[in-house]
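Worksheet for the structure shown next.
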Amino acid sequence: MHIPDGFLSTPVWVGMWLITLVIVGYALRKTRGRLSEKHIPLMGVLAAFVFAAQMLNVPVAGGTSGHMLGGVLTASLLGPWSATIVMSSVFVVQALLFQDGGITALGANIFNMGLIGTVFGYYLYVSLSKFIPKIISAGIAAWIAVVLASAFCALELGLSGTVPLKTAMVAMVSIHTLIGLIELGITMGVLGVIMKRRPDLMEIEKV
Amino acid sequence: MKWWHVGLLISLFIGGFLSLFASPLPDGLERVAEDFGFIELEQSVITSPLPDYSLPGIDSPISGSIAGIVGVLLMFGVAWGVANILKGRNEHRK
């Protein structure tokens, strides 16, 4: 779902850059001085894992593939603001070094595929986990974050006049209800392994 | 071996090896862009050193493998570095 340069109109990509900068700026302020010795390797490993997992495109349906995003998984372990830093770094490196996602579109890509998961997805996960087990809450929140990301991507394309809004919305959301299942599966799988082998990592202070 | 060594090794395995078996099919957005005829709007503002997760001019699986490994190590380093800066100097002395 990485948007390349050329798909978004100038007002849309500038607007998305501004929104993203405000949220990432807030995340930097919230994490400054609050990270412990344990957060640092976890942030490194999660950035490395998310980068690798995003290379793994899995065929879904109708000649289409998809990969996980990782925002909810990252935030469920680290907390929303340090996860925001991790996910943003991944999209920056992908855009600069691997030409995956545009430079003008980077604000939109960080927002859609990163911040929706690390912030909205995280608080959804926390709310759900008051009623159902953590691992299921994370899976559901991860799936919803992917579908919501595709809806925002469609909205940005529609507002840019690239494709009619309704067309983009129906097409993007329908295929991502399937692609989101990859997110659900990997998020639950990884958290399952961590809960079993290193439950202490689940208890790191959420920043 | 520390837990994060294990995590990094798993990530290197995924990025450097499993990724070679990733589906080459278009992703959700590329599929929609093809179906509704706006894929040709795609352009590149910059030229990246490892476009599409491969070494330019090397047509071999090794190329994707190296790009994946470089990416994983770089990501680990970048996030570690940023986290270390954010942790602050006072904390660092402890």
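What you see is a predicted model, and the numbers here were worked out from it, not measured in a lab.
Proximity to chain B (any heavy atom under 4.5 Å) is shown, for A/L28, by both the backbone and the side chain. For chain A, the nearby parts of B/V45 are the backbone and the side chain; heavy atoms of each come within less than 4.5 Å. At a 4.5 Å heavy-atom cutoff, the contact between B/L74 and chain A is made by side-chain atoms alone. Contacts between A/A154 and chain B at a heavy-atom distance below 4.5 Å are absent for every atom of the residue. Only the side chain of B/F36 comes within contact range of chain A, with heavy atoms under 4.5 Å apart. Using a 4.5 Å cut-off between heavy atoms, A/I85 touches chain B through its side chain atoms alone. Using a 4.5 Å cut-off between heavy atoms, A/I103 contacts chain B through its side chain alone, with no backbone atom that close. Heavy atoms of A/A105 lying under 4.5 Å from chain B are absent altogether. Interface remark: A/L97 contributes backbone and side-chain atoms alike to the contact with chain B (heavy atom separation under 4.5 Å). Using a 4.5 Å cut-off between heavy atoms, B/V72 touches chain A through backbone and side chain atoms alike. Both the backbone and the side chain of A/V90 come within contact range of chain B, with heavy atoms under 4.5 Å apart.
Checking A/T74, A/T31, A/L35 one by one against A/M43, the side chain to side chain contact (heavy atoms under 4.5 Å, CB included) holds for a single residue, A/L35.
The candidate with the highest count of non-hydrogen atom pairs below 4.5 Å against chain B, out of A/V207, A/L96, A/T104, is A/L96. The greatest number of non-hydrogen atom pairs below 4.5 Å with chain B, out of A/C153, A/G66, A/S88, A/S89, is found for A/S89. Of the listed residues (B/G15, B/A79, B/P49), the greatest number of heavy-atom pairs within a distance under 4.5 Å of chain A belongs to B/P49. Annotation: maximal heavy-atom pairing with chain B below 4.5 Å, among A/Q54, A/M1, A/R197, A/H67, occurs at A/M1.
Taking non-hydrogen atoms and a 4.5 Å limit, the residue list of residues 20-31 of chain B in contact with chain A, ordered by number, reads B/A22, B/S23, B/L25, B/P26, B/D27, B/G28, B/L29, B/R31. Inspection of non-hydrogen atoms places B/G64, B/A67, B/G68 of residues 55-69 of chain B under 4.5 Å from chain A. Chain B is approached within less than 4.5 Å, heavy atom to heavy atom, by A/L157, A/T162, A/V163, A/T167, A/A171, A/M172, A/I175, A/H176 from residues 155-177 of chain A, ordered by number.
For an aromatic pair to be called close, the ring centres must be under 6.0 Å apart, and A/F98 with A/F51 satisfies this. Checked against the 6.0 Å centroid threshold, A/W13 and A/F7 do not count as a close aromatic pair.
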Apply the test side chain to side chain contact (heavy atoms under 4.5 Å, CB included) to residues B/K87 and A/E37: give CA-CA distance (whole Å), side-chain angles for both, the deciding distance (0.1 Å), then the verdict. CA-CA 8 Å; B/K87 198 182 71 159; A/E37 242 4 289; 2.9 Å; yes

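The distance from the OH atom of A/Y122 to the CG atom of A/L77 is 10.5 Å, given to the nearest 0.5 Å.
Among residues at least two apart or in separate chains, salt bridge (charged side-chain N to carboxylate O under 4.0 Å, His left out) pairs with a member in residues 25-35 of chain A are A/R34-A/E205.
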